[in-house]
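This report concerns only the one structure given below.
Any value given below was found using the heavy atoms of this structure, including those in side chains, with hydrogens, waters and symmetry copies removed.
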Amino acid sequence: MKSYDHKKIEKHWQKEWAKKGTYETALASDKPKFYILDMFPYPSGEGLHVGHPKGYIATDIVSRMKRMQGFNVLHPMGFDAFGLPAENYAIKTKTNPMDSVAKNVERYKNQLEILGFDYDWSREVNTTDPKFYKWTQWIFLKLLEKGLAYESHEPINWCPSCKTGLANEDVEDGRCERCSTPVEKKPMRQWVLRITKYADRLLQDLDTLDWPESIKESQRNWIGRSEGAEIDFAVKGRKDVLKVFTTRPDTLFGVTYVVVAPEHDFVTELLKEAAALKNRGEVIKYVAAARVMTQIERTDAKKDKTGVRLEGVFAINPANNEEVPVYVADYVLAEYGTGAVMAVPAHDDRDFEFAKKYDLPIEIVIRCEDHILTAWTEEGVLVDSGPFSGMSSEEAKRKITESVGGKWVVKYKLKEWVFSRQRYWGEPFPVLHDGDKIVPVPEEDLPVELPKVKSYEPTGTGESPLADVEDWVNVKVGKGKDARIMRRETNTMPQWAGSSWYYLRYMDPQNDTALVDPKAEKYWNQVDFYVGGAEHATRHLIYARFWHKFLYDIGVVTTTEPFKRLQSVGLIMGEDGRKMSKRFGNVVNPDDIVETYGADTLRLYEMFMGPFDQAISWSTGGIMGTRRFIERVWKMREKVADGDGSPAATLSKEAEVLLNKTIAKVTDDIGAVRHNTAVSALMILSNELDKSEFIPRPAYESFLKLLAPFAPHVADELWSDLGNNNSIHQATWPVADATKIADEEDIIAVQVNGKTRATFKAVKGSDKTTLEASALALDEIKKWVGDAQPKKVIVVQGRMVSIVL
RNA sequence: GCCGAGGUGGCGAAAUGGCAACCGCAAUCGACUCAAAAUCGAUCGUCGCAAGACUUGAGGGUUCGAGUCCCUCCCUCGGCACCA
């Protein structure tokens, strides 16, 4: 028999599959559908390392099994290419990013193709293709029409290095997620999407999703729903009212001062009046200092609390009409709640710290059994709270709120989505400015194509480089005397725009008159299974859910969630345990591995490494194990006997049981993405089959079918070598014969005082009495039991006998 | 601080409450070879010559029986965090 030549085999079958269109997705079919999707890659200039395909291999395996099981499978691939990496490369090389993106896409596709994936490339999408972003722009127009997109001049996060505004989601610990530069607050004009309108639905519907708990929890944290009361504190001698938000209105009688954020309107107002404050100068200084601090400085919880008293200003506690001082302090955040809090130092750590420092009174109003409460989360019984004393916290919350005319409200940490970037490489907004008026570009004029420019360098002025392209920016609207010049919006959309809906486009990628044809949308419905990195938990996966719900509301889609089931991929680390990076010189290139060991070996190895969602280090030694496995399977071909009924061509009873068990296990494991244990089961089966001199052909064929999703090339090669004319990938997935799964005999473990001392074989289905008698008759057991009379004997049929002395 | 996922051999790990360590890597020994690689066979949690005892982060508990269930605690990773 010829030796296993992975290069020849893999090249041959990749050509063959392409030629025969083995993986083309049918447009309409009476088969049940299955839509399985990978998070599409960002094609950077560096190419793929071995970590990238891990998720793609996993979905490829699932999709191949589903196809063999008779599903009409949609398993597409595309590219997400707008955004900073491509743009920075363009700046450096002074080339149009369109060109470098095309080149990188080519490179990525080649790298993916040699791995033997079953993508239907006729459905490829690219977010930077005007035919694609026409519909990204269309969605924006709809958001604008429904009042969910608006212009704002609020201060936003600004990255001085990337020279662009950022969404809240793009800030990590006060730093720009891309370049780690501390972000600044900068008031500027920008486009904002009202994602908070969907906060409640985004939160609620998480419960309906088959997603990893950790991702759902991240989203819950990010949305940050909390319920509480808004309570008005009147200001003594003025018409102003300070509205505070609190989750613990039951502590209202313990308020000893009120704090407002430095940016609070009340402070701004007071500072306008020369005589309102006795210490006006001090307050001005404090507010100004807070304004120039970075987020990191501002929000560091370890930092000493600072604040300034508004001398001469008193708030009136509506519960007992007590006058309390008012402070301005930067530990209160302007953007959360009402920007003002009632301070209860006895029951809040932060207020306590502040009260200590500024020597403010502390009044205990909650007791919990025998101790005084010091944390917000604890509840107890009210004391020194007028008519509410003796009431439970739970009850008092509502009652006190009601009694002071407060309102029970829901607040979210989630902020509106800052949607514009002052950069070149993104989707242009389809809007025109006519003086102060916003004029949407008519749908029939979409797409608004991104023009070529001379310089891609961000300006840093709050305008994108597009602002300099006069003949693009200035648009003549109307005819004759009515004609007027309007200016195009020159901000561009953030990198997350295209990926917020791309999965819908695969359903109907060429459609020029609709984002997706309603029939195609109805058929493919939603993504059944989505696989990608957990790092997208609070950006891509929230944004896509938001847009999907919006598209549902306007009737474009018929489902309320885009991704029914989600699975996170664990990273592949470098052999040194660090993240794979050029910087550490620990990057492993899949091209090299495919060259040396073959794609099938790489695929098997990456799946066999360990649990799929776990981060694991690459091991050059480890890959030899899966290569050896394939070579053993290859050699086993010589032992295959045709099914002519001779003894050599029948399977031993044990092997038959194992084969059926393996069919069931591999099927289950692939469904649950336990690819590591599936590979292990295949190895066990091959070891068993290889034990005998001859292997019956049907058994070997079943084994090859189970192997086919993992190692598609070698499986098809061996399959055709057996004389099959069709591709193994179009063969029917084996089904376990339930009657053959069970062994003929049960192996019964016998325990004495909880320790296993012996095992014996029993006829299947033996009753309890028989099992007990057999167990007690065993010599090894007599040794342990001796003359003692067992106190108790527990028999689990088909499993074990437990003797208690 | 709150929430989530984890902690099992030298390593990656496996185990519907029922024989802990399957499968693989590495290692050791042997066969083949002039030799090496490859391949094949054997050994491979700890202590012990053995019989056997011990072993799933620590300590308790439930159970005939716990890696698995319950309680307390420690550690690692991830999310949120001066969010009132």
Side-chain angles (χ1 to χ4, degrees), chain A residues 172-173 212-226 228-229 244-249 251 259 261 298-305 329-344 347-351 353-354 375-377 411-415 534-535 537-538 568 570 604-605 608-611 613-626 628-629 631-632 635 674 676-687 747-759 783 790-796 798-805:
Chain A
E172 248 174 27
D173 295 325
E213 199 48 45
S214 56
I215 302 234
K216 291 208 256 184
E217 200 54 32
S218 288
Q219 293 210 350
R220 286 189 194 108
N221 284 340
W222 194 259
I223 294 165
R225 182 182 196 274
S226 70
V244 305
F245 173 68
T246 178
T247 54
R248 296 298 300 271
T251 63
V259 193
R298 212 20 221 279
T299 56
D300 180 7
K302 282 176 230 95
K303 170 188 94 149
D304 232 21
K305 298 224 169 355
D330 65 5
Y331 80 90
V332 172
L333 306 176
E335 61 272 23
Y336 184 75
T338 59
V341 303
M342 53 179 234
V344 187
H347 304 299
D348 181 276
D349 293 341
R350 298 153 303 185
D351 298 341
E353 203 190 308
F354 191 81
W376 276 121
T377 42
K411 297 278 181 198
Y412 298 96
K413 282 194 295 192
L414 184 72
K415 307 260 168 37
E535 68 274 16
T538 51
S568 326
L604 273 166
Y605 173 61
F608 184 58
M609 287 175 92
D613 57 356
Q614 198 172 298
I616 296 178
S617 294
W618 180 262
S619 153
T620 306
I623 198 164
M624 272 314 295
T626 47
R628 276 185 213 125
F629 168 60
E631 284 181 12
R632 269 202 303 277
K635 281 194 204 125
R674 286 188 301 257
N676 56 327
T677 52
V679 174
S680 169
L682 288 171
M683 288 174 169
I684 293 167
L685 178 60
S686 78
N687 289 345
I747 296 181
I748 307 292
V750 187
Q751 290 184 358
V752 178
N753 283 341
K755 287 207 159 57
T756 304
R757 297 300 182 183
T759 57
K783 189 173 99 188
K791 258 191 230 155
K792 198 171 173 185
V793 179
I794 293 127
V795 183
V796 182
R799 277 190 188 281
M800 53 106 54
V801 177
S802 183
I803 300 160
V804 187
L805 297 179

B:G24 C1' sits how many Å from A:Phe608 CZ, rounded?
4 Å
Pairwise P distance for B:G60 and B:G79, with rounding to whole Å:
35 Å
Under 30°, 30 to 60°, or over 60°: which ring-plane class applies to A:Phe354 and A:Tyr331, parallel, tilted or perpendicular?
tilted
One pair to check against salt bridge (charged side-chain N to carboxylate O under 4.0 Å, His left out): A:Glu631 and A:Arg628. What are the steps and the verdict?
CA-CA 5 Å; A:Glu631 284 181 12; A:Arg628 276 185 213 125; over 6 Å; no
For a quick check of understanding: with a heavy-atom distance under 4.0 Å over all strands, which category does A:Pro611 fall into, base, sugar-phosphate or nothing?
sugar-phosphate
Phosphate OP1/OP2 of B:A14: any A:Asn676 side-chain N/O under 4.0 Å:
yes
C1' atom, B:U62 versus B:A81: distance in rounded Å?
38 Å
Using OP1 and OP2 only, check whether a side-chain N or O of A:Tyr331 sits under 4.0 Å from B:A84.
no
Say you pick atom C1' in B:C29 and the same atom in B:C19; how far apart are they, in whole Å?
29 Å
Using a heavy-atom cut-off of under 4.0 Å over every strand shown, decide if A:Lys792 touches base, sugar-phosphate, or nothing.
sugar-phosphate
Any idea if B:G41 is syn or anti, going by the 90°-from-0 cut?
anti
Can you pull every protein N or O that's under 3.5 Å from an N or O on nucleotides 39-45 of chain B?
| unit_1 | atom_1 | unit_2 | atom_2 | d |
| --- | --- | --- | --- | --- |
| B:U39 | OP1 | A:Arg628 | NE | 3.1 |

Measure from the side-chain heavy atoms of A:Ser226 and tell me the nearest of B:A5, B:A84, B:C64.
B:A84
5′-ward residue of the pair A:Gly224/A:Thr756 relative to RNA chain B:
A:Thr756
Expressed in whole Å, how much space separates the P atoms belonging to B:G9 and B:U68?
15 Å
A:Val244 near the nucleic acid: base, sugar-phosphate alone, or nothing, with a heavy-atom cut-off under 4.0 Å?
nothing
Within the side chain of A:Asp351, is there an N or O that forms a donor-acceptor pair under 3.5 Å with the backbone of A:Val344?
yes
Pick base, sugar-phosphate or nothing for A:Asp613, based on heavy-atom distances below 4.0 Å to the nucleic acid.
nothing
Base, sugar-phosphate alone, or nothing: which one does A:Arg757 contact when heavy atoms must sit under 4.0 Å apart?
sugar-phosphate
Of the nucleotides B:A14, B:A81, B:C23, which has the atom closest to the A:Thr677 side chain?
B:A14
So does A:Ser680 reach the base of B:C23 with its side chain, donor to acceptor, closer than 3.5 Å?
no
Check whether any side-chain nitrogen or oxygen of A:Ser218 sits under 4.0 Å from OP1 or OP2 of B:G4, and answer yes or no.
no
Can you find a donor-acceptor N/O pair under 3.5 angstrom joining the side chain of A:Lys305 to the base of B:C82?
yes
Under 4.5 Å between any side-chain heavy atoms of A:Tyr605 and A:Val679, yes or no?
no
Rounded to whole Å, the CE-P distance (A:Met800 to B:A66) equals 10 Å
Classify the side chain of A:Gln751 versus the base of B:G18 as yes if they form a donor-acceptor pair under 3.5 Å and no if they do not.
yes
If you measure from the C1' atom in B:A14 to the same atom in B:U8, how many Å do you get, rounded?
10 Å
Which whole number of Å gives the distance between the P atom of B:C22 and that of B:C11?
15 Å
What nucleotide among B:A84, B:G12, B:C23 has an atom nearest to a side-chain atom of A:Thr247?
B:A84
Of all the choices, B:G12, B:C82, B:G24, which nucleotide is nearest to the side chain of A:Asn687 once you look at every atom?
B:G24
Quick one: on RNA chain B, does A:Met609 or A:Glu213 contact a more 5' nucleotide (nearest heavy atom)?
A:Glu213
Determine the Euclidean distance between corresponding P atoms of B:G48 and B:C3; express it in Å to zero decimal places.
46 Å
How far does the P atom of B:G18 sit from the matching atom of B:G67, given to the nearest Å?
10 Å
CG on A:Asn687 to CG on A:Leu682, rounded to 0.5 Å
11.0 Å
About how many Å separate CG of A:Leu604 and CE of A:Met683, when rounded to the nearest 0.5 Å?
7.0 Å
